[in-house]
Amino acid sequence: MSRVFNFSAGPAAVPVEVLKKAQDEMLEWQGSGMSVMEMSHRGKEFISIAEKAEADVRELMNIPDNYKVLFLQGGATTQFSMVPMNLLRGKEKTCYVNTGAWSKKAIKEAKIHSNVQVSATAEDTGFTSIPAIDSWDIDQNAAYLHYTSNETIGGVEFQSIPDVGDMDLVADMSSNILSRAIDVSKFGVIYAGGQKNMGPSGIALTIVREDLIGYAKEGSPSMMDYKNHADAGSMFNTPATYSWYLMGLVFEWLKEQGGVAAIEARNIRKAEKLYNVIDASDFYANPVELTSRSRMNIPFTLANPELDALFLSEAKAAGLETLKGHRSVGGMRASIYNAMPEAGVDALISMMSEFERTKA
Ligand SMILES: *Cc1c(COP(=O)(O)O)cnc(C)c1O
């Protein structure tokens, strides 16, 4: 067996230690005589797995007690609808910041339920920067302001939490959750799909301040009401038990790495060395403004796009997979989430340098 370095944007690489642990426990979880997949979600074994996952992520993110942590189905995309369906509280207006492809999808969905004011957009720069906050057009009476903390496709990331006064702030953190320290108390809602930084797809982690729960729009399906999930400990219906368990293993792994601060330091090192190679060369380029660059998703182009296919095949031969850029951007994209070891970035850098030396 030989595992590659997988630079996929999502579903993405999972730490090998997590996969091995899941393998060890596949047939029989800790003396229970069965796989986690086969357990009742109401049984004491699964309840202990579920509670540990929640406790670990609360510890990792330092989540205050007045926030609920929900393990929901339908990925981050379902949260695009659940956020407006639950947070309007009788209001009609919402504010959204448009920094790229994922913001656009969130906006499109919010428009079904609310009157969306786009407070800022980076469309005129081709989504290569984050609009300066003093230019944002915020309506303080809107129900909330939503932004995408890391644009997975464009490779654009907020380096700090925008200060929007007393307004409730909502963030889609799908592709940078747990990669850097953040102050949860600044948010009304944080949500993230699992498959970038937390393991499997199909499950979303949603962190909601308690006072925002209980206001689902009349007529909302039960599954779309945060209150039903919060009241039932995310077991309103049968939860995605195996995905929840795997997420828990990723949280355990993160704690073993030294927690979010330690992984953040590693992420800074990984991103810096890759950007340094791109910036030092006339052969590779990244279009994103320096202060808006993502530590997680690093798109880059080759000066001669005719070499793209050769680059990808040589990368593959070197055990470096899924580097093809998103179809809307072209070129390459290296997604280097928490689970990408520093050795993977080093291997990519040496392959890039060798490719430039021999093909430029
Ligand atoms: C991947 C991604 C999503 C969509 O996640 P799904 O789980 O496929 O619904 C939403 N937002 C961002 C920023 C993403 O990276």
Side-chain angles (χ1 to χ4, degrees), residues 6-14 70-85 94 96-112 116 120-123 127-128 130 144-159 161-162 169-180 182 187 189-207 223-224 229 234 239-240 242-244 246-247 250 267 271 288 292-299 322 324-329 333-340:
N6 179 7
F7 292 89
S8 172
V14 174
L70 307 177
F71 294 80
L72 304 176
Q73 297 169 62
T77 302
T78 302
Q79 296 308 302
F80 291 167
S81 307
M82 282 180 87
V83 165
M85 288 175 96
T94 56
Y96 277 72
V97 176
N98 182 6
T99 50
W102 287 111
S103 304
K104 279 189 174 178
K105 291 199 177 183
I107 290 168
K108 185 166 179 238
E109 214 52 43
K111 280 185 173 166
I112 297 172
V116 175
T121 177
E123 193 137 32
F127 296 116
T128 53
I130 305 235
Y144 60 86
L145 182 136
H146 177 285
Y147 76 105
T148 308
S149 59
N150 183 66
E151 286 283 356
T152 321
I153 294 174
V156 168
E157 183 173 14
F158 280 77
Q159 304 303 324
I161 299 169
L169 191 57
V170 177
D172 174 0
M173 294 196 184
S174 292
S175 49
N176 71 348
I177 193 164
L178 290 161
S179 71
R180 54 163 72 221
I182 54 140
F187 294 88
V189 176
I190 291 170
Y191 63 89
Q195 69 274 27
K196 280 64 183 247
N197 247 338
M198 298 183 289
S201 60
I203 188 165
L205 188 77
T206 300
I207 303 166
M223 277 294 281
M224 302 300 277
H229 296 287
S234 303
Y242 199 76
S243 299
W244 192 334
L246 273 176
M247 239 190 202
V250 172
N267 287 335
V288 181
S292 304
R293 283 175 160 183
S294 169
R295 293 176 188 162
M296 298 283 100
N297 308 97
I298 304 185
T322 343
K324 193 173 173 25
H326 189 270
R327 59 191 181 281
S328 65
V329 178
R333 172 176 48 170
S335 294
I336 53 171
Y337 300 117
N338 290 348
M340 174 58 66

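Note that the structure is predicted; figures quoted are calculated from it, not measured. Ligands are counted one by one from 1 in listed order, and the atoms in each one are counted from 1 as well.
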Q) Roughly how far apart are E151 CD and T99 OG1, rounded to 0.5 Å? A) 3.5 Å

Q. Just checking, any donor-acceptor pair under 3.5 angstrom between side chains of N297 and T152?
A.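 Per modelled atom types, N297 and T152 side chains form no pair under 3.5 Å.
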
Q.
Looking only at the side chains, is there a donor atom on one of D172 and Q79 sitting less than 3.5 Å from an acceptor on the other?
A.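 The criterion, which ignores hydrogens and geometry beyond distance, is not satisfied for Q79 and D172.
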
Q) Does the cation-pi check pass for K196 over W102, that is, NZ or CZ under 6.0 Å from the six-membered ring centre and within 45° of its axis? A)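 That pair qualifies as a cation-pi contact.
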
Q.
Counting the benzene-type ring for Trp, do Y96 and Y144 have ring centres under 6.0 Å apart?
A. yes

Does ligand 1 have any N/O pairs with the protein under 3.5 Å, and how far apart?
residue  : atom   : partner : partner atom : Å
ligand 1 : 7 (O)  : A76     : N            : 3.3
ligand 1 : 7 (O)  : Q195    : NE2          : 3.0
ligand 1 : 8 (O)  : Q195    : NE2          : 3.4
ligand 1 : 9 (O)  : A76     : N            : 3.2
ligand 1 : 9 (O)  : T77     : N            : 2.8
ligand 1 : 9 (O)  : T77     : OG1          : 2.5
ligand 1 : 11 (N) : D172    : OD2          : 2.6
ligand 1 : 15 (O) : T152    : OG1          : 2.4
ligand 1 : 15 (O) : K196    : NZ           : 2.7

Q: Kindly write out the residues that satisfy ring pair (Phe, Tyr, Trp, His ring centres under 6.0 Å) with F71, not counting sequence neighbours, or none if the list is empty.
A: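 By the ring pair (Phe, Tyr, Trp, His ring centres under 6.0 Å) rule, F71 matches W244.
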
